[in-house]
Amino acid sequence: MKILVPVKRAIDYNVKVKVKADESNVDLANVKMSINPFCEIAVEEAIRLKESGTATEIVVVSIGALACVEQIRTALALGADRGIHIQTEAELDSLQIAKLLKTVVDKETPDLVILGKQAIDSDNNQTGQMLAALTNMGQGTFASKVAISDGQVAVTREIDGGLQTVSLTLPAIVTTDLRLNEPRYASLPNIMKAKRKPIETIAADSLDVNLTSNVKLLKVSAPAQRSGGVKVADVAELVAKLKTEAKVIA
Amino acid sequence: MSILIYAEHDNTELKAETAKLVHAASQIGGDIDVLVAGHDCAAVAQAAAAISGVSRVLVADAGCYQYQLAENVSALVVELADGYSHILAAATTTGKNFMPRVAALKDVAQISDIIAVESADTFVRPIYAGNAIATVQSSDAVKVMTVRASAFDAAALGHSAAIEALTQAHDAGLSHFVSAELTVSERPELTAANVIISGGRGMQNGENFALLNGIADKLGAAIGASRAAVDAGFVPNDMQVGQTGKIVAPQLYIAVGISGAIQHLAGMKDSKVIVAINKDEEAPIFQIADYGLVGDLFDILPELEAAL
Ligand SMILES: Cc1cc2nc3c(=O)[nH]c(=O)nc-3n(C[C@H](O)[C@H](O)[C@H](O)COP(=O)(O)OP(=O)(O)OC[C@H]3O[C@@H](n4cnc5c(N)ncnc54)[C@H](O)[C@@H]3O)c2cc1C
Ligand SMILES: Nc1ncnc2c1ncn2[C@@H]1O[C@H](COP(=O)(O)O)[C@@H](O)[C@H]1O
């Protein structure tokens, strides 16, 4: 069984991003970049499926500028077998990403595609679902458990009311939630070995996909700041303030 | 212009999000239809028809919609899409699940999690865990959007829109419901509560969450949690508040033993009044709390319950 894992290069989750003074976008100059955390969980899940003998090959794909190769290398160091870099400088929406990923799915014919549920920069939460629609596959989003047997995948999903399990016929799309697994760290020998694993580069504009977005970013502004309030001395003062000053309790 | 809103419901009850989406839609302008896709969901349709501003309620009542599987529901919405300028669903796990499929099948972008309407084609949405606010303009023929319900007031009730039954039954056959483990609680839902008290890693274990119960009872509050508390297995996943959990904006949010990571703040910083209880006076949560109480939660919580 072959697993495809799309990984996004995104701002590191520990970094608090700042908005540019001209409000054209956020300022990513000299900011630490990493694999989007949900993609890390996706890579880990694929590795576990390989370790358990269910999967035989893991292909990672990243779309973006040359720097994405760093994140592909990281995924290879974690245990993926080979990488595909779809190179473009364009700012793409999830729709274009999904269309580019579809070209990879068409060519590689994976049995399972595992994506993150959400990129922590755009906070879009769209790509996996869009790819599922474009490839006419079933989808198991926000997965906290994935079990494969007999050409089916059972996906336990984190939903607003609790958990829901659905069963999908392979090939299928899964997107990861936080509880699916705890990603490992890459060991030094594996980082060295990853340098010899193959990465194929494909120019995005050589693929038959329209890369222009119909959504224009007009402005990026800083959110309204909450000013810190006061420290209260004890419970009595807290309750008094909530009653008479904030008037939020009776 | 006309707008289709996907109703948020569980086949028996219309959820609070829907009236808020109607209000958001009224800011766009145009006729508003509400689609109820489910099974044995007549009561939901009745409730949707009562929301002021709704022209028609379309009801697709069929077995294939019982669990609102994304593959089936998206096929239905795509079939209905012609003639609508905007399609809206709440940014809940239901809306997030099927709406991007609708967008892809219509070959348009999705605009996720809007918090304001500037005009019929321009919308505001948070990015980077709410640390930046983007204003975007779409030239797509149909705007497919999910809406952060907590950012909008609810439209009024007391109306009676026409209810029309649909006969389409789209069973894509790509996915099947196996089972559900739903949390049963007498408390209000997190996204609908006026008061929320949330516990973090500082609670130490699941049993200690009982310390929040008495306070929640007295305040009519919902109980939430940080990711750390959910990951550690103290409480179920549906209690997670944050960037990648539930986004809430109650009148009063009480954070107990929560440090205030940006991912947690992203889910609650629009609350009207924030209280933080933490033994570390340097905890970042105090930078955004209206009222901070430094101390040991195991001393403070029983005192607070007694004082209410
Ligand atoms: C991709 C991604 C998504 C994420 N999404 C979310 C999300 O949606 N929601 C979310 O919450 N987090 C999310 N996180 C996690 C987030 O970064 C933090 O790790 C998490 O919020 C920390 O939870 P906490 O505050 O409970 O724990 P900690 O940071 O460990 O804080 C515990 C606090 O309890 C206090 N404390 C301990 N004992 C006591 C006591 N006896 N009395 C009083 N105070 C005490 C401590 O002083 C400390 O401040 C996400 C992270 C990533 C990478
Ligand atoms: N540029 C990209 N390259 C590869 N995968 C991506 C890219 N953008 C998004 N994805 C995948 O889609 C998931 C969800 O992203 P999004 O829909 O943008 O929130 C990510 O976790 C990745 O798995």
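Chain naming here is simple, since letters A, B, ... match the order of the sequence lines and numbering starts at 1 in each. FYI, side chains are in, hydrogens and waters are out, and symmetry mates aren't considered; it's all heavy atoms of this structure.
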*Asks:* Please classify the contact between B:Gln263 and chain A as side chain, backbone, both or neither, with a heavy-atom cut-off of under 4.5 Å.
*Replies:* side chain
*Asks:* By a 4.5 Å heavy-atom criterion (distance strictly below it), what part of B:Ile262 contacts chain A: side chain, backbone, both, or neither?
*Replies:* side chain
*Asks:* Of all of B:Gln287, B:Gln110, B:Glu71, B:Glu303, which one pairs up most often with chain A through heavy atoms under 4.5 Å apart?
*Replies:* B:Gln110
*Asks:* Between the side chain of B:Arg125 and the main-chain N/O of A:Ser122, is any donor-acceptor distance below 3.5 Å?
*Replies:* yes
*Asks:* Heavy-atom distances under 4.5 Å only: say whether B:Arg227 touches chain A with side chain, backbone, both or neither.
*Replies:* both
*Asks:* Please report the C-alpha distance between B:Asp270 and A:Arg226 in whole Å, then the side-chain angles of each, then the deciding distance to 0.1 Å, and finally whether the salt bridge (charged side-chain N to carboxylate O under 4.0 Å, His left out) criterion is met.
*Replies:* CA-CA 9 Å; B:Asp270 293 324; A:Arg226 258 194 113 96; 5.8 Å; no
*Asks:* Sort B:Ala109 into side chain, backbone, both or neither according to what part of it lies under 4.5 angstrom from a heavy atom of chain A.
*Replies:* both
*Asks:* If the contact rule is any heavy atom under 4.5 Å from chain A, which residues of residues 136-143 of chain B qualify, in numerical order?
*Replies:* B:Val136, B:Gln137, B:Ser138, B:Ser139, B:Asp140
*Asks:* What part of B:Thr191 gets closer than 4.5 Å to chain A, counting heavy atoms only: side chain, backbone, both or neither?
*Replies:* neither
*Asks:* Quick check on A:Val239 against chain B: is it the side chain, the backbone, both or neither that has a heavy atom closer than 4.5 Å?
*Replies:* side chain
*Asks:* Is it the case that B:Ser112 and A:Gln126 place a side-chain donor and acceptor less than 3.5 Å from each other?
*Replies:* yes
*Asks:* Chain A: which of B:Ile127, B:Asp231, B:Thr135 shares the most heavy-atom pairs with it under 4.5 Å?
*Replies:* B:Thr135
*Asks:* Select one option (side chain, backbone, both, neither) describing which atoms of A:Val17 are under 4.5 Å from chain B's heavy atoms.
*Replies:* both
*Asks:* Examine whether an atom of B:Lys96 lies under 4.5 Å from a heavy atom of chain A, and if so say whether it belongs to the side chain, the backbone or both; otherwise answer neither.
*Replies:* both
*Asks:* Could you list the residues that satisfy side-chain hydrogen bond (donor to acceptor under 3.5 Å, both in side chains) with A:Ser144, not counting sequence neighbours?
*Replies:* none
*Asks:* Would you mind checking which part of A:Leu178 comes under 4.5 Å of any heavy atom in chain B, side chain (CB onward), backbone (N, CA, C, O), both or neither?
*Replies:* both
